[in-house]
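To start, the structure itself, in structure tokens.
Model, not experiment: these values are computed from the prediction. Each chain gets a letter, A, B and so on, in the order its sequence line appears, and its residues count up from 1.
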2 protein chains.
Amino acid sequence: MELDERKIKILDTIIRTYLETGEPVGSRTISKYTDLNLSSATIRNEMSDLEELGYIIQPHTSAGRIPSDKGYRFYVDHLMQAKDKEISDMKDFVIEHTERIDSVLKQLAQILSYTTNYATLITSQVNRDNAIKFVQISKVDEDQLLAVVVMGKNVVKNKVINLVEPIDNETLMKLNFILNNGLNGKSPADISLGVISGLKEQAGEHVDIVSVVLDAIAETISQEDLEVYTSGATNIFKYPELSSSENASNLIYALEEKKELAEFVSENFDGDDEIKVYIGDESDIKTMKDCSVVTATYDLGDGMKGTVGIIGPKRMDYEKVMSNLKEIKKQMSGLFNSNKTKGIEVKSDG
Amino acid sequence: MELDERKIKILDTIIRTYLETGEPVGSRTISKYTDLNLSSATIRNEMSDLEELGYIIQPHTSAGRIPSDKGYRFYVDHLMQAKDKEISDMKDFVIEHTERIDSVLKQLAQILSYTTNYATLITSQVNRDNAIKFVQISKVDEDQLLAVVVMGKNVVKNKVINLVEPIDNETLMKLNFILNNGLNGKSPADISLGVISGLKEQAGEHVDIVSVVLDAIAETISQEDLEVYTSGATNIFKYPELSSSENASNLIYALEEKKELAEFVSENFDGDDEIKVYIGDESDIKTMKDCSVVTATYDLGDGMKGTVGIIGPKRMDYEKVMSNLKEIKKQMSGLFNSNKTKGIEVKSDG
DNA sequence: TATTAGCACTCTTTTTTATCGAGTGCTAAC
DNA sequence: GTTAGCACTCGATAAAAAAGAGTGCTAATA
């Protein structure tokens with residue numbers, strides 16, 4: 001048995017109706033609201049076929065049909081049309097031009113969850129192979145040093161070092177020379193044990209300080225690695241199928257903890273430009289088995305990439321969500337380039 | 001009518017039993033589980049009095065009694081004993097010695113919510129009048145500068161400055177001198193318009209750079225002002241009286257948004273050493289009318305103070321919560337002093 | 001006078017039973 | 001191939017009944 005034109009039309013109607021109402025769709029509804037001019041009995045036969053083919057499901061005898069995961073998949077892949085024109089409300093979200101990337105992402109997550117009525121997540125992913133551009137140790141006062149490491153993409157890391165005994169300016173200059181000489185241009189992957197012991201040897205009695213600098217570098221790569229911002233967790237209460245107490249608790253927990261989300265995102269991050277849709281189990285997160293997740297990658301330039309994701313019920317408005325994400329992608333790429341023209345560009349890591 | 005010895009004992013039993021079970025407490029229960037050796041009928045009379053006095057409430061005729069807010073208040077103020085000895089599980093929570101204050105606080109919130117089974121919040125409040133210790137501008141490469149500002153309490157702020165035209169070393173040294181000379185030792189409050197225009201004048205054509213440094217300072221005070229970390233929002237699903245869908249949604253929203261919490265905390269922050277309990281409406285947050293909030297202030301030394309709060313149902317285990325908070329206070333004050341002995345102490349702001 | 005046993009009464013909760021109605025599947029007719 | 005018709009299923013809603021917990025009051029008791 002194959003999906004013919006008519007079956008597809010019926011499937012399409014079932015899914016669209018279900019997306020709107022969240023209620024199982026019956027044969028009579030279809031017969032009335034399509035231009036097929038078929039009686040409910042005929043529709044019933046077709047629906048029976050569609051069920052056998054796995055596109056729709058009957059929650060119980062004597063209920064209408066709802067889309068199965070396979071049905072949603074078919075819809076997303078073949079039936080849905082891009083709704084590119086209708087994103088008026090999203091069109092230009094106004095983000096104050098703070099330079100702090102994290103607060104921008106946080107804000108963006110909020111806006112998105114507000115306009116879509118789904119839960120959202122945004123991650124920032126800094127590229128791992130990030131060369132060290134500059135290292136400097138300076139004396140803040142008699143018993144305190146400040147170590148600063150600047151890596152590519154202007155990621156800056158600093159640490160305050162409390163000294164037990166003072167250090168003279170000459171030694172400081174020497175250390176700065178050793179460190180810059182040994183580290184500049186290297187990405188963390190390049191810093192082998194050999195490099196480290198070489199540095200330590202040169203540092204002589206001030207090994208401690210070299211260690212601190214290396215720590216700072218290590219911390220930078222591990223910690224900046226993946227930050228996840230979420231918003232709109234409570235939106236799930238708007239969809240009864242997600243808010244049965246147990247379900248809600250698990251979902252919100254996942255959104256609060258973020259760990260699992262981070263794993264999911266980093267596993268599925270491959271930098272390509274597509275908007276992806278994960279329906280039910282496709283996302284591999286157990287708590288999301290009743291959800292769909294739509295993700296897009298963005299690119300802020302300077303190698304700052306990341307993921308924007310929207311989490312909602314399977315019956316989410318895929319068309320709207322996807323066109324929103326498309327718009328976001330576009331806007332974000334423009335976001336951090338606009339103030340380069342002012343002559344001075346400022347970035348900060350907080 | 002007055003509260004005599006016996007009434008107090010009965011009230012105490014009602015509250016303790018209700019804290020455990022969450023169910024209205026009946027007269028027979030009291031009569032069985034106290035050593036008063038009174039029949040349920042006598043207890044009933046006493047309960048009737050207690051209700052008249054406003055300490056307990058009957059949810060409906062033919063239900064037992066539950067404590068009123070006034071009852072809880074009396075319990076917290078007079079009946080509860082500090083349970084100082086029984087905090088075994090809390091005794092030494094192991095926090096990896098990351099030096100990043102925010103990740104410590106985040107972790108701590110998690111541990112607390114996990115051990116108490118309530119929602120938790122932790123804020124860090126950096127004292128506003130924070131003097132500038134050190135300012136430095138250095139050349140990262142031909143068209144990039146890095147500005148670093150170290151303020152008291154080792155709060156470090158840095159910004160990357162992209163140059164339109166190169167700057168020579170001499171100018172850089174001059175700028176550094178001007179900035180340090182003009183800013184060191186000053187707290188943000190001291191930096192008047194006069195100081196600013198003085199600096200700008202001295203900087204000549206490099207006004208831009210001075211502005212950036214001032215921006216960094218401004219940002220530091222405004223942004224570090226109050227950060228709120230929450231954890232364990234989903235714990236509220238463990239208490240039926242809080243998890244009726246509407247309630248849960250509002251509560252979790254408040255915990256997610258954090259804004260209202262921040263306001264609440266900063267309004268009630270007065271740096272004194274007491275552990276405070278807000279029952280129901282006492283907290284002034286509408287969504288928390290069915291909750292109790294217990295807060296404590298901590299002090300990390302160096303003027304870093306903040307609040308730890310626990311949010312749970314009114315029938316929370318006040319004794320345990322309060323002794324946990326006491327323990328936390330103690331441990332936190334030790335937290336950032338312990339590694340001073342290692343010869344090198346490290347702090348960082350990320 | 002304080003306490004208690006006894007009992008009718010109230011109100012929630014749980015269980016049971018009945019009813020409704022949407023929707024199906026099947027058969028037979030068109 | 002399509003459709004009308006009809007018996008049947010099963011969830012949802014409603015109504016009724018039963019169970020239970022706890023009270024308030026009265027009258028008896030120590």
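A:Y72 and A:Y318 have tilted rings, their planes meeting at an angle from 30° to 60° on a 0 to 90° scale.
The distance between atom CG of A:N37 and atom C1' of D:dG1, rounded to the nearest whole Å, is 15 Å. Rounded to whole Å, atom C1' of C:dA2 lies 13 Å from atom CG of B:D49. Atom CD in A:E23 sits roughly 17 Å away from atom P in C:dG21 (whole-Å rounding).
A salt bridge between B:E282 and B:K276 is absent, with no side-chain N of the basic residue lying under 4.0 Å from a carboxylate O of the acidic one.
Remark: B:E263 pairs with no residue by the side chain to side chain donor-acceptor pair (under 3.5 Å) rule, at least two apart or across chains. Applying the salt bridge (charged side-chain N to carboxylate O under 4.0 Å, His left out) test to A:E241 and every residue at least two apart in sequence or in another chain returns A:R315.
Taking side-chain N and O atoms only, A:T42 has no distance below 4.0 Å to OP1 or OP2 of D:dT2.
Heavy-atom contacts from other residues, nucleotides or ligands closer than 6.0 Å to CZ of A:F269 number more than 12. For B:R28, the CZ atom sits in a loose shell: 12 or fewer heavy atoms of surrounding residues, nucleotides or ligands are nearer than 6.0 Å.
Scanning residues 2-15 of chain B for heavy-atom distances under 4.0 Å to DNA chain C yields B:R6.
Residue pairs satisfying the salt bridge (charged side-chain N to carboxylate O under 4.0 Å, His left out) criterion with at least one member in residues 42-54 of chain B, sequence neighbours excluded, are listed as follows: B:R6-B:E46, B:K7-B:E46, B:K7-B:D49, B:E51-B:R65.
Each end of the helix from C:dT1-D:dA30 to C:dC30-D:dG1 yields a helix axis from five base pairs, and these two axes differ in direction by 20° (to the nearest 10 degrees).
What you find for B:I56 and B:L11 is that their closest heavy atoms are CG2-CD1, 3.7 Å.
Rounding to the nearest 0.5 Å gives a distance of 11.0 Å between CG of B:N324 and OG1 of B:T120.
Residues B:Y278 and B:F264 place their aromatic rings such that the two centres sit under 6.0 Å apart.
Listed for the B:S31 side chain is no donor-acceptor partner under 3.5 Å among the backbone atoms of B:S27.
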Distances under 3.5 Å between protein N/O atoms and the N/O atoms of nucleotides 21-28 of chain D, please, pair by pair.
| from | atom 1 | to | atom 2 | distance (Å) |
| --- | --- | --- | --- | --- |
| D:dT23 | OP1 | B:S27 | N | 3.3 |
| D:dT23 | OP2 | B:S27 | N | 3.3 |
| D:dT23 | OP2 | B:S27 | OG | 2.5 |
| D:dG24 | OP1 | B:R65 | NH2 | 3.2 |
| D:dG24 | N7 | B:R44 | NE | 3.0 |
| D:dG24 | O6 | B:R44 | NH2 | 3.1 |

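Both B:S40 and B:H60 sit near DNA chain C, but only B:S40 has its closest nucleotide nearer the 5' end.
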